[in-house]
Amino acid sequence: MVRIEFLGPIQKASIELEASSLRDVADQLHHDKEVREWLETAAVAVNDTLVASLDTPLKDGDKVSLLPPVCGG
Amino acid sequence: MVRIEFLGPIQKASIELEASSLRDVADQLHHDKEVREWLETAAVAVNDTLVASLDTPLKDGDKVSLLPPVCGG
Amino acid sequence: MVELYDGPLDVPTILQRWYEEEAQSNYGAYIPFIGTVRAEDEIDGLSFDIYEPILASWFDAWQQRAKEAGALVKMAHSRGDVPLHHSSYIAAVFSPKRRVALETIDLFVEDFKASAPIWKYDLKNGERIYAKDRSTPISGSGLLKG
Amino acid sequence: MVELYDGPLDVPTILQRWYEEEAQSNYGAYIPFIGTVRAEDEIDGLSFDIYEPILASWFDAWQQRAKEAGALVKMAHSRGDVPLHHSSYIAAVFSPKRRVALETIDLFVEDFKASAPIWKYDLKNGERIYAKDRSTPISGSGLLKG
């Protein structure tokens, strides 16, 4: 199981999913109406490192974070 | 008479000259060995306004200042 | 380390502490950038969420980048609510060289706006409204859109 | 007005006063640039001469230029001797807009270095030596060279 965390304004509690890559996560999140609208603009981190490929492998216990558009300062 | 002031590192007291334009001042300062070396790099102000032409007219009581290269901060 | 504070920043105290921390470091230039909450759109203030693990790694990478340029960066930011005319953000650069300091503060502040994992909300009539229109997708976002 | 002080600047006090002066002015960005005397070339400090009338008109022109860009500038500088690791110069910009503030502080500091009628001397073994090699002729200089 991997844990999916939704950061900042994505008002949703963490969920757990079976997934062996980010592609698996993408496929499953597309079925979640609350989350789908954020997929277009959210960046993705695995274990707190930003990643750039859907082929990023995932293993049991990994944490995937969705980061919506930012505005610090 | 116009008064010529030497600013910053030009270690020279003010002098008074007869001059009706900056060209007259230039001609006379060329004969002053202490000052000559500064003419190449000094900017010139008349009555505390920087000027760009040797034809700038001067009248009795005017103040001409020589400003050598600067380095504030 | 990034300094995070609940609520508004005590700007004079932070600016003074940083100045004194580097007083003997032989930097010739110190440039802080202070961000203050402006009265606009009838807001009562701003509020911030921060994701600290990624903010820390973003800042560590900047500290390394600054070091290679011959500079040092510091940063402070507010968590939670900050009222109008109070400050929520200070970024600072120290360097022996004026040009390095001026160029680095610009790059550091702009990259902060584009990349730091901080979310801004308008406080308005008791509500906390995500400042979506002023927000920037982090580089590489949209990966999961399929 | 430019603030001139005999000897080193009290940086924390000046930064705080300027911050508080503009606390209600609704500027979103405040960027001070602080210049500090570095230990190099075995100097004991720096010393400054200032020609105030032209400094004042240079600063007034900048205040106008900043206003047109939607910004406000402030400046403080030392007269006379400033020891190592003490500060001799603060320039600051306030603006509602981040980009204006970042661009204006850069232009203001660079034009200051090129144009402000201030002369720098190294203090070394009890002597006061004009920093000729680090100095810049003011634009239009050489007029009298004939």
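Residue numbers begin at 1 in each chain, while the letters A, B, ... track the order of the sequences.
Under 3.5 Å, the side chains of D:Tyr5 and D:Glu3 contain a donor-acceptor pair of N or O atoms.
With respect to chain C, the highest number of heavy-atom pairs below 4.5 Å among D:Gly35, D:Ala23, D:Ala101, D:Pro96 belongs to D:Pro96. Interface remark: of the candidates C:Arg38, C:Glu40, C:Glu103, C:Arg38 forms the most heavy-atom pairs closer than 4.5 Å to chain D. Listed options D:Val93, D:Thr36, D:Ile34 were ranked by heavy-atom pairs under 4.5 angstrom with chain C; first place goes to D:Ile34.
To the nearest 0.5 Å, atom CG of residue C:Leu4 and atom CG of residue C:Leu9 are 9.5 Å apart. To the nearest 0.5 Å, the span separating CZ on C:Arg98 from CD1 on C:Ile31 amounts to 10.0 Å. Rounded to the nearest 0.5 Å, atoms CD1 (D:Ile43) and CG (D:Leu46) are 4.5 Å apart. To the nearest 0.5 angstrom, C:Met1 atom CE is 8.0 Å from C:Phe59 atom CZ. Distance CH2/C:Trp18 to CD/C:Glu21: 8.5 Å, rounded to 0.5 Å. Here the straight-line distance linking atom CZ of C:Phe94 with atom OG1 of C:Thr104 works out to 13.0 Å at 0.5 Å rounding.
Both the backbone and the side chain of D:Phe33 come within less than 4.5 Å of a heavy atom in chain C.
Within residues 106-134 of chain D, the residues having any heavy atom less than 4.5 Å from a heavy atom of chain C are, in residue-number order, D:Asp106, D:Val109, D:Glu110, D:Lys113. Applying a 4.5 Å heavy-atom cutoff, the residues of residues 69-90 of chain C that approach chain D are C:His85, C:Ser87.
Using modelled atom types, no side-chain atom of D:Ser25 and backbone atom of D:Tyr27 make a donor-acceptor pair closer than 3.5 Å.
Heavy atoms only, all atoms of each residue included: D:Ala91 and D:Ile105 are closest at O-CD1, 3.8 Å.
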